[in-house]
Every structure is written in structure tokens, then in C-alpha cells.
Amino acid sequence: QVQLVESGGGLAQAGGSLRLSCAASGGTFSRYTMGWFRRAPGKEREFVATTNRSGGNTTYADSVKGRFTIFRDNAKTTVYLQMNSLNPEDTAVYYCAAAVEYSVSQSDYVYWGQGTQVTVAS
């Protein structure tokens with residue numbers, strides 16, 4: 001059983017930056033693909049970014065490509081989401097999740113964190 005705990009959310013101004021962290025425990029972190037998802041108010045949860053076990057491969061949603069960066073530190077069992085050039089449309093609860101296989105599909109992710117709120121003011 002893998003436990004995931006997100007941190008780093010908060011309030012940012014449009015054009016600003018935030019870095020989210022997701023600390024994992026209870027499993028072999030390097031065996032899992034790690035992803036970030038988000039749920040904006042009144043919307044379905046959606047894919048944001050994912051990275052493979054080594055961190056050498058990443059995939060991003062079109063809406064965040066070029067602004068967000070996902071990276072991981074297997075020694076620290078932590079995955080990060082660096083978010084730059086934030087805009088109000090990025091306001092959401094952000095979740096990290098772990099999957100056995102490389103995927104952008106939520107249904108493939110077996111472990112989920114509790115989420116962290118990101119609010120971007122205009």
C-alpha cells in the first residue's frame with residue numbers, strides 16, 4: 001500500500017509560480033509511474049502530467065505544456081510539479097497518483113493523494 005501526501009498548494013497571482021510536492025511512503029516508489037491530476041470547480045478531474053519510473057519520460061496535457069514541469073527524486077520518494085506562468089484557469093485541487101504502467105488515464109492510477117488546493121488570482 002502506497003500513501004501519497006501532497007503539499008505546496010496555496011494562493012498565487014496570475015503569472016506567478018508554485019511548486020507542488022508529493023511524498024510517497026509504504027511502497028517501492030521507483031516501481032511506479034507518477035502523475036498529477038486536477039479538478040477545477042464544477043469540472044471533472046483531468047490529467048495534468050505524468051513521468052515514468054526513472055523520470056526520463058514525461059507527458060503533459062496541452063493546457064499546461066511549456067508552463068508546468070513534472071520531475072521526481074526517487075531517493076527522496078517524491079514527485080514534484082513546478083507550475084509557472086499560472087493563470088486563473090489553473091485554479092483546482094491538484095492530486096498526485098501512482099500507476100503500475102505508464103499512462104495518462106486516471107483509471108490506471110491505483111494510489112491517490114488527498115489533494116492540495118491551488119488558487120490563482122487574476
Side-chain angles (χ1 to χ4, degrees):
Q1 190 79 5
V2 175
Q3 292 80 45
L4 302 173
V5 179
E6 302 97 334
S7 61
L11 177 65
Q13 296 298 314
S17 298
L18 283 174
R19 177 178 290 185
L20 305 183
S21 300
C22 172
S25 61
T28 304
F29 182 72
S30 60
R31 289 183 179 175
Y32 295 96
T33 285
M34 297 300 299
W36 286 95
F37 297 80
R38 68 185 181 186
R39 188 195 307 270
K43 295 187 177 181
E44 300 279 321
R45 188 166 59 188
E46 64 177 3
F47 166 76
V48 175
T50 187
T51 182
N52 69 342
R53 297 181 183 95
S54 68
N57 193 21
T58 57
T59 302
Y60 296 92
D62 288 344
S63 58
V64 307
K65 203 172 294 183
R67 301 188 298 121
F68 291 10
T69 302
I70 185 172
F71 58 102
R72 64 192 294 164
D73 185 334
N74 285 347
K76 295 183 178 179
T77 66
T78 300
V79 61
Y80 304 91
L81 186 68
Q82 177 66 43
M83 306 186 295
N84 298 330
S85 301
L86 286 162
N87 59 61
E89 290 70 40
D90 295 316
T91 295
V93 177
Y94 284 72
Y95 301 88
C96 72
V100 174
E101 300 294 335
Y102 193 72
S103 175
V104 301
S105 174
Q106 295 183 53
S107 62
D108 291 326
Y109 285 76
V110 293
Y111 300 110
W112 291 82
Q114 82 289 346
T116 186
Q117 176 71 47
V118 170
T119 302
V120 183
S122 57

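Residues: numbered from 1 along the sequence shown.
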> Given the rule that I, L, V, M, F, W and Y join up when any side-chain heavy atoms are under 4.5 Å apart, are Val93 and Leu81 in one cluster?
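Cluster IDs for Val93 and Leu81 differ.
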
> With the 4.5 Å side-chain cut-off for hydrophobic clustering, are Val48 and Leu86 part of the same group?
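They do share one cluster, since a chain of ILVMFWY contacts under 4.5 Å joins Val48 to Leu86.
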
> Ignoring hydrogens and angles, tell me if any N or O in the side chain of Glu6 forms a donor-acceptor pair with the backbone of Cys96 under 3.5 Å.
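It does hold such a pair.
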
> Would you check if the side chain of Ser85 reaches a backbone N or O of Gly15 as a donor-acceptor pair within less than 3.5 Å?
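Flag not set: sc Ser85 to bb Gly15 has no pair under 3.5 Å.
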
> Is there a path from Val118 to Tyr80 through hydrophobic residues (I, L, V, M, F, W, Y) whose side chains come within less than 4.5 Å of each other?
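As far as the 4.5 Å side-chain criterion goes, Tyr80 and Val118 are not connected within one cluster.
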
> Can you check side-chain contact (heavy atoms from CB on, under 4.5 Å) on Trp36 and Met83, steps first, answer last?
CA-CA 12 Å; Trp36 286 95; Met83 306 186 295; over 6 Å; no

> For a 4.5 angstrom cut-off between non-hydrogen side-chain atoms, does Gln106 reach Tyr95?
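SC-SC contact between Gln106 and Tyr95 ruled out.
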
> Keeping the roles fixed (side chain from Arg53, backbone from Arg31), state whether a donor-acceptor pair exists under 3.5 Å.
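Between the backbone of Arg31 and the side chain of Arg53 there is a qualifying donor-acceptor contact (under 3.5 Å).
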
> Return the CZ to OG1 distance between Phe68 and Thr58, rounded to the nearest 0.5 Å.
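Output value for this atom pair is 14.0 Å.
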
> Which pair of non-hydrogen atoms, one from Leu18 and one from Gly10, has the smallest distance, and what is that distance?
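Residues Leu18 and Gly10, closest heavy atoms: CD1-O, 4.0 Å.
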
> Under 3.5 Å, side chain of Asn52 to main-chain N/O of Gly55, donor-acceptor pair present?
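Looks like yes, one N/O pair under 3.5 Å.
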
> For Lys43, does the NZ atom have more than 12 heavy-atom neighbours from other residues, nucleotides or ligands under 6.0 Å away?
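Count not over threshold, so no.
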
> Report yes if the side chains of Asp108 and Glu101 come closer than 4.5 Å at any heavy-atom pair, otherwise no.
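Counting from C-beta outward, Asp108 and Glu101 never come under 4.5 Å.
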
> Judged by modelled atom types alone, do Ser105 and Ser107 share a side-chain donor-acceptor pair under 3.5 Å?
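Short answer, yes.
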
> Asp90 versus Arg38: any side-chain heavy-atom pair under 4.5 Å?
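Of all side-chain heavy-atom pairs linking Arg38 with Asp90, at least one is under 4.5 Å.
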
> Where do Tyr102 and Thr59 come nearest, in terms of heavy atoms and distance?
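Closest approach of Tyr102 to Thr59, heavy atoms only: OH-OG1, 2.7 Å.
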
> Gln3 and Gly26: which non-hydrogen atoms are nearest, and at how many Å?
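So the two residues come closest at OE1-CA, 3.8 Å.
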
> Should Val64 and Leu20 be counted in the same cluster of Ile, Leu, Val, Met, Phe, Trp and Tyr side chains packed under 4.5 Å apart?
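Same cluster: Val64 reaches Leu20 through Ile, Leu, Val, Met, Phe, Trp or Tyr contacts under 4.5 Å.
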
> For the backbone of Asp73 and the side chain of Thr78, can you confirm whether one donor and one acceptor N or O come within less than 3.5 Å of each other?
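Pair absent, no side-chain N/O of Thr78 close to backbone of Asp73.
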
> On a heavy-atom basis, which atom in Val2 and which in Gly27 lie closest, and how many Å separate them?
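So the minimum-distance heavy-atom pair works out to CG2-CA, 4.0 Å.
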
> Parallel, tilted or perpendicular: which describes the rings of Tyr109 and Phe37, with under 30° parallel and over 60° perpendicular?
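Taking Phe37 first and then Tyr109, their aromatic rings stand perpendicular (interplane angle over 60°).
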
> Taking the side chain as C-beta and beyond, is there a heavy-atom pair between Tyr111 and Tyr32 under 4.5 Å?
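Yes, their side chains come closer than 4.5 Å.
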
> Might you point out which heavy atoms bring Cys22 and Leu4 nearest each other, and give the distance in Å?
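Cys22 and Leu4 have their closest heavy atoms at SG-CB, 3.9 Å.
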
> Between Tyr60 and Thr69, is there a side-chain heavy-atom distance shorter than 4.5 Å?
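In contact.
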
> For Thr91 and Val120, indicate whether the former's side chain and the latter's backbone hold a donor-acceptor pair under 3.5 Å.
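Judged by distance alone, yes, a pair lies under 3.5 Å.
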
> Check Leu11 against Ala121 and note the closest heavy-atom contact, atom names and distance.
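Minimum heavy-atom contact is CD1-CB, 4.2 Å.
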
